[in-house]
Q: 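Here it is, the structure, as C-alpha cells.
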Amino acid sequence: MLGSVKYLDNLRSKMDEIFMLTALAESRKALPECLPNPPVGCIITNAQEIVAQGYTRAPGKHHAEADALNQIQGKAFEFLKMYVTLEPCSFHGRTPACALAIAEDRRIHEIYVSIIDPDPG
C-alpha cells in the first residue's frame, strides 16, 4: 500500500539523493527512442539496495515505472521505495496509467518524485 509521495525538495537522506541521481542517469538511456515522450528514469529500492531500474521506452511501450515494476514481478518484497524523475502518468493512453500500477502494487510504500508533470493530460 502506497504510504506517501515525497518530492525532490523533501528527500530525507544522502541515499535518497543518490537514488534520485541514479534515476536521472536511467532517464538518459531513454533518448532518443522515447521521443516525443519525455525521458523518464525510475529506481526501486529495498533496504537501501537497488532491486529494479527502468526508463521510458519507445512510444506505446513501457514507461519507466512499468519497466521497473516488471523487473520485480513475482518477487517477495515488503517495503519498497520508488524514485522517479517525473510524476507518474495517471491516464490510460497507448499504455496503462503508471500511477494506478504503482498504487496497486502493495509492496511500494514510498515514492519520491523529482518533477511534477507540467502536462498531465
Side-chain angles (χ1 to χ4, degrees):
M1 183 172 141
L2 185 61
S4 59
V5 175
K6 296 171 178 54
Y7 298 99
L8 188 58
D9 58 344
N10 290 325
L11 293 178
R12 295 192 285 195
S13 72
K14 187 67 174 169
M15 288 307 294
D16 290 332
E17 289 180 36
I18 290 168
F19 290 137
M20 188 59 80
L21 288 171
T22 305
L24 182 60
E26 277 297 300
S27 72
R28 291 185 189 110
K29 295 177 183 177
L31 292 169
E33 182 184 59
C34 69
L35 297 174
N37 293 329
V40 178
C42 179
I43 298 294
I44 299 175
T45 65
N46 179 58
Q48 302 289 352
E49 183 177 320
I50 295 172
V51 295
Q53 49 199 46
Y55 58 91
T56 303
R57 306 297 174 152
K61 305 227 185 223
H62 285 313
H63 288 180
E65 303 90 331
D67 189 21
L69 286 170
N70 276 345
Q71 295 171 33
I72 59 167
Q73 192 172 40
K75 295 182 180 175
F77 294 111
E78 292 184 20
F79 188 95
L80 297 174
K81 294 181 182 181
M82 178 181 277
Y83 299 81
V84 64
T85 59
L86 180 66
E87 178 184 22
C89 66
S90 58
F91 60 90
H92 190 287
R94 288 183 273 188
T95 60
C98 292
L100 181 60
I102 295 164
E104 289 175 341
D105 192 320
R106 301 179 67 79
R107 301 168 299 173
I108 306 288
H109 286 260
E110 294 180 0
I111 180 169
Y112 292 83
V113 176
S114 180
I115 301 171
I116 298 298
D117 192 347
D119 185 25

Q: Roughly how far, to the nearest 0.5 Å, is CD1 of I72 from CG of N46?
A: 9.0 Å
Q: On a heavy-atom basis, which atom in L86 and which in P38 lie closest, and how many Å separate them?
A: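 Closest pair (atom of L86, atom of P38, distance): CD2-CG, 3.7 Å.
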Q: State the CG-CG distance between L80 and L69, to the nearest 0.5 angstrom.
A: 9.0 Å
Q: Check whether I44 and Y55 end up in the same hydrophobic cluster, where Ile, Leu, Val, Met, Phe, Trp and Tyr are linked by side-chain heavy atoms less than 4.5 Å apart.
A: no
Q: For E110 and F79, which heavy atoms make the closest approach, and how far apart are they?
A: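 Here E110 and F79 meet closest at OE2-CZ, 3.9 Å.
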Q: Where is the tightest heavy-atom contact between C89 and P96, given as atom of each residue plus distance?
A: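 Residues C89 and P96, closest heavy atoms: SG-O, 4.2 Å.
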Q: For the hydrophobic clusters of this structure (ILVMFWY residues joined by side-chain heavy atoms under 4.5 Å, transitively), does one cluster hold both L100 and I102?
A: no
Q: I want to check something: taking the side chain as every heavy atom from C-beta on, are P88 and I111 in contact at a cut-off of under 4.5 Å?
A: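 Result yes, sub-4.5 Å side-chain heavy-atom pair found.
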Q: Between Y83 and D16, is any side-chain donor less than 3.5 angstrom from a side-chain acceptor?
A: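 Result is yes, a qualifying pair exists.
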Q: Are V84 and F77 connected in the hydrophobic side-chain network, where two residues link if heavy atoms are under 4.5 Å apart?
A: yes
Q: Evaluate M15 against K81 for side chain to side chain contact (heavy atoms under 4.5 Å, CB included), listing each step before the verdict.
A: CA-CA 12 Å; M15 288 307 294; K81 294 181 182 181; over 6 Å; no
Q: Is there side-chain contact between R57 and D67, with at least one heavy-atom pair below 4.5 Å?
A: yes
Q: Could you tell me which non-hydrogen atom of A68 sits nearest to which non-hydrogen atom of G54, and how far apart they are?
A: CB-N, 4.0 Å
Q: Short question: side chain of T95, backbone of H62 - any donor-acceptor pair under 3.5 Å?
A: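 No, because the side chain of T95 does not come within donor-acceptor range (under 3.5 Å) of the backbone of H62.
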Q: Would you call C42 and M82 a side-chain contact if the rule is heavy atoms closer than 4.5 Å?
A: yes
Q: Counting distance only, does the side-chain N/O of E87 pair as donor-acceptor with the main-chain N or O of I116 below 3.5 Å?
A: no
Q: For residues T85 and S114, report the shortest heavy-atom separation together with the two atoms involved.
A: O-CB, 3.4 Å
Q: Would you check, one step at a time, whether the test side chain to side chain contact (heavy atoms under 4.5 Å, CB included) holds for V40 with H63?
A: CA-CA 8 Å; V40 178; H63 288 180; over 6 Å; no
Q: Which heavy atom in G41 sits nearest to a heavy atom in S27, and how many Å separate them?
A: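 So the two residues come closest at N-CB, 3.3 Å.
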Q: Mind checking the CD-OG1 spacing from Q53 to T22? Nearest 0.5 Å is all I need.
A: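 Rounded to the nearest 0.5 Å, the CD-OG1 separation comes out at 8.0 Å.
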Q: What distance do E26 atom CD and T56 atom OG1 have between them, rounded to the nearest 0.5 Å?
A: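 Those atoms lie 10.5 Å apart.
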Q: Run the side chain to side chain contact (heavy atoms under 4.5 Å, CB included) check on L24 and M20 step by step: do they pass?
A: CA-CA 6 Å; L24 182 60; M20 188 59 80; 6.0 Å; no
